[in-house]
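What you see below is based on every heavy atom in this structure, not just the backbone, and it leaves out hydrogens, waters and symmetry mates. Just so we're on the same page: letters track the sequence lines, and every chain starts at 1.
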2 protein chains.
Amino acid sequence: MDTEPSWDFYRSFLTVLRQGSLSAAARELGLTQPTIGRHIDALEQAVGAELFTRSSNGLLPTDMALDLQPYAETLATTADAFLRTASSRRDKVEGTVRISASEVIGIEVLPPIIADLQDAYPGLQVELSASDALEDLMNREADIAVRMTEPQQDALLARRIGDIPLGFHAHRRYLERHGAPQTMADLAGHRIIGFDRQTAYIRMMRKLYPAVDELAAAFRTSNHLAHLAAIRAGIGIGICQTGLARPNHDLVHILADEFEMRLGTWVVMHESLRTSPRCRVTFDALVDGLLSYIKSCRGTRA
Amino acid sequence: MDTEPSWDFYRSFLTVLRQGSLSAAARELGLTQPTIGRHIDALEQAVGAELFTRSSNGLLPTDMALDLQPYAETLATTADAFLRTASSRRDKVEGTVRISASEVIGIEVLPPIIADLQDAYPGLQVELSASDALEDLMNREADIAVRMTEPQQDALLARRIGDIPLGFHAHRRYLERHGAPQTMADLAGHRIIGFDRQTAYIRMMRKLYPAVDELAAAFRTSNHLAHLAAIRAGIGIGICQTGLARPNHDLVHILADEFEMRLGTWVVMHESLRTSPRCRVTFDALVDGLLSYIKSCRGTRA
DNA sequence: CGGTATCCATATAATTATGTATAGCGATGG
DNA sequence: CCATCGCTATACATAATTATATGGATACCG
């Protein structure tokens, strides 16, 4: 290798890959099309491989370029994390903290917790990545994560919150029309909201309650938020966190004695962020907020 | 934020951090001291924080800079992985593959396996990181790893090899002088080679054989290679992989019926490297080589 | 079919970043 | 106590990178 290529080339490479054309990448990066073109040329020269096939309506990535995309993505998220950390003062709670959580937690549970946190620390910005694709804390894709599985890596600081209870729920309107099932067997006569895809959590349920799996579902979705929305819309009976029944009083927890499943919950942060005030404070706020959320889950039985 | 800083600044930042001065960093990168100085200035400007305190004999990193170091390290290893992947042709077995393994495995077990592999594929370069600090495959710090723990992440492709058996060993010379212990209790009268630090594997032994832990060690080291060297030098009786007794015929496996511990072993690779011929071939070679190594571990009893 | 809007490639001009040379500062050693 | 060495900071010339401007190719649409 003569000399290492400029790291800026990786940025240009990734942007072209995402945007699909030199021109669009140039607009994105605030540069010009010939510049990006030269970057790609130089990178291809440096690695001795063709990365894109040029055409008059854009650049088509080669298989090699697609292989390289994850590396470039990592570079981008890491550079982002670098700036996020560097741009916040070490001695004050300010700057941006990026939180990763599942969609349901991120949308139904976290907002009030974050609101209180930001009331207390006006200089604190929060980026919430509400996605079921869990982001990698080791890669610093997020600073703090709420997870339903226990993290394995030693470098991660994890705090177990407890178990979030799940149960069958239905809208009051649905129950008024169709009656409330008293036993698991009664479910057979009801409209069931089911899951579309296999996830770890569905496999767990299948193991604990094989009967549930055999119910014919009237509405299936792989999206947990859509599942919840279906319950709230009165489509039928589905499973959700019992804590979500409380804020919306039209949701009723049914079969509470027959069916119980719990999701272990952890708040996780990279160990090295312990000394960062903004991460520390956010971590603590999430722990406190989720603890009281779990406490509120009790006593919502029908 | 006006505009994102050049990614090259991160490289200069990291090099200054590692080298301790602008001048040394400039030499390392093939640039000049004023250039590196300007990069650091620009980065400090961009993030609005002081990263180094300048002195006449170098640059001293601030706490902030030390916080940022891991991010910069990740950038460097990822850029490296990018080049490694990009510089090898997709259709041929050539280019560099980086293997991570423990010191003992990397030094005592892998070399002959790698030799055979490279005989078969002359264009294949191998980088071996023989370190007990396990490198992160998610971060692409290595392409393939030999691990003694089962990997958790879904994105990793893991192949279980089996269990590597461990046992007490001593040099023939030591046994001629001091006699061979026939029972675990006999160990008390012998010179024992022990471990210095707590590791997962020591905790496991402590659990299975609490008696072993109470033996007074005549020689302690936290380095497994040094431990092995001590056994080979005839210092006393210590624990090592039974497979290591074979190539060196002066090493004798003792108390084989009294003591047995096994280390589960996996070869692990990032799932996305499956399509890369060089990684695929290396992965398979490691699997085959380690399988036959484990097979060779049997039948070496004294 | 002509008009328009993309896109990439190339040549040239402007800007920016880099290297060279030098001065100044502090530590080290005879 | 001065010479030396290594470091950073600055000034200036130069090289490298970038933006601008233009041409050619392709797709889309009325």
Side-chain angles (χ1 to χ4, degrees), chain A residues 1-66 68 72 75 79 83, chain B residues 1-62 64-66 68 72 75 79:
Chain A
M1 192 184 327
D2 330 314
T3 176
E4 201 190 340
S6 165
W7 285 10
D8 284 337
F9 294 170
Y10 302 130
R11 173 168 53 182
S12 298
F13 167 79
L14 177 62
T15 312
V16 171
L17 212 47
R18 285 175 170 168
Q19 302 288 331
S21 79
L22 297 180
S23 311
R27 284 192 294 272
E28 175 79 18
L29 292 176
L31 297 172
T32 58
Q33 166 256 316
T35 298
I36 305 294
R38 279 185 291 258
H39 286 182
I40 300 300
D41 286 345
L43 190 58
E44 288 182 327
Q45 191 76 27
V47 304
E50 200 177 42
L51 297 173
F52 297 93
T53 53
R54 268 86 162 169
S55 84
S56 58
N57 56 346
L59 268 70
L60 197 74
T62 62
D63 288 345
M64 172 66 89
L66 294 175
L68 294 172
L75 289 174
L83 283 181
Chain B
M1 193 186 326
D2 329 314
T3 177
E4 201 191 339
S6 164
W7 284 12
D8 285 336
F9 294 169
Y10 302 129
R11 172 166 54 184
S12 299
F13 167 79
L14 177 62
T15 312
V16 171
L17 212 46
R18 285 175 170 168
Q19 302 288 332
S21 79
L22 297 179
S23 311
R27 283 192 294 273
E28 174 80 17
L29 290 175
L31 298 173
T32 58
Q33 168 258 318
T35 299
I36 305 294
R38 281 185 285 252
H39 285 183
I40 301 300
D41 286 343
L43 190 58
E44 287 182 327
Q45 191 75 27
V47 303
E50 199 176 41
L51 297 174
F52 297 93
T53 53
R54 268 86 161 170
S55 85
S56 59
N57 57 347
L59 270 70
L60 197 74
T62 61
M64 172 66 89
L66 294 175
L68 295 173
L75 288 174

Is there a side-chain contact between A:R54 and A:I40 (heavy atoms, below 4.5 Å)?
yes
Heavy-atom check, side chain of A:L83 versus side chain of B:P5, under 4.5 Å
yes
Would you grab the first and last nucleotide of DNA chain C (5' to 3') that comes under 4.0 Å of any non-hydrogen atom in chain B?
C:dT18 to C:dG26
Between the protein and nucleotides 21-28 of chain D, which nitrogen or oxygen pairs come in under 3.5 angstrom?
unit_1: D:dT26; atom_1: O4'; unit_2: A:S56; atom_2: OG; d: 3.1

Starting at CG of B:L14, measure out to CH2 of A:W7 and round the result to the nearest 0.5 Å.
6.0 Å
Starting from the C-alpha separation in whole Å, work towards a yes-or-no answer on side-chain contact (heavy atoms from CB on, under 4.5 Å) for B:R11 and B:D8.
CA-CA 5 Å; B:R11 172 166 54 184; B:D8 285 336; 3.1 Å; yes
Between A:L43 and A:Y10, is the side-chain contact (heavy atoms from CB on, under 4.5 Å) condition met? List the steps.
CA-CA 8 Å; A:L43 190 58; A:Y10 302 130; 4.0 Å; yes
Just checking A:G58: base, sugar-phosphate only, or nothing, at a heavy-atom cut-off of under 4.0 Å?
sugar-phosphate
Pair B:L29-B:I36, side-chain contact (heavy atoms from CB on, under 4.5 Å): steps then yes or no
CA-CA 9 Å; B:L29 290 175; B:I36 305 294; 4.0 Å; yes
Rounded to the nearest Å, what distance is computed from the NE2 atom of residue B:H39 to the P atom of nucleotide D:dT8?
15 Å
Let's see if you get this right: which residues in residues 18-28 of chain B place a heavy atom under 4.0 Å from DNA chain D?
B:S21, B:L22, B:S23, B:R27
Rounding to 0.5 Å, atoms CG (A:L17) and CG (A:L66) come to a distance of 6.0 Å
Roughly how far apart are B:S23 OG and B:L59 CG, rounded to 0.5 Å?
9.0 Å
Pick the closest DNA chain D nucleotide for A:I36 and for B:R54 by heavy atoms, then say which residue is nearer the 5' end.
B:R54
Whole-Å distance between D:dT18 P and A:I40 CD1?
12 Å
Taking the basic N atoms (NZ, or NE/NH1/NH2) and the acidic carboxylate oxygens, is any pair closer than 4.0 Å for A:R18 and A:E28?
no
For the atom pair CZ (A:R38) and OG (A:S12), what is the distance rounded to the nearest 0.5 Å?
11.0 Å
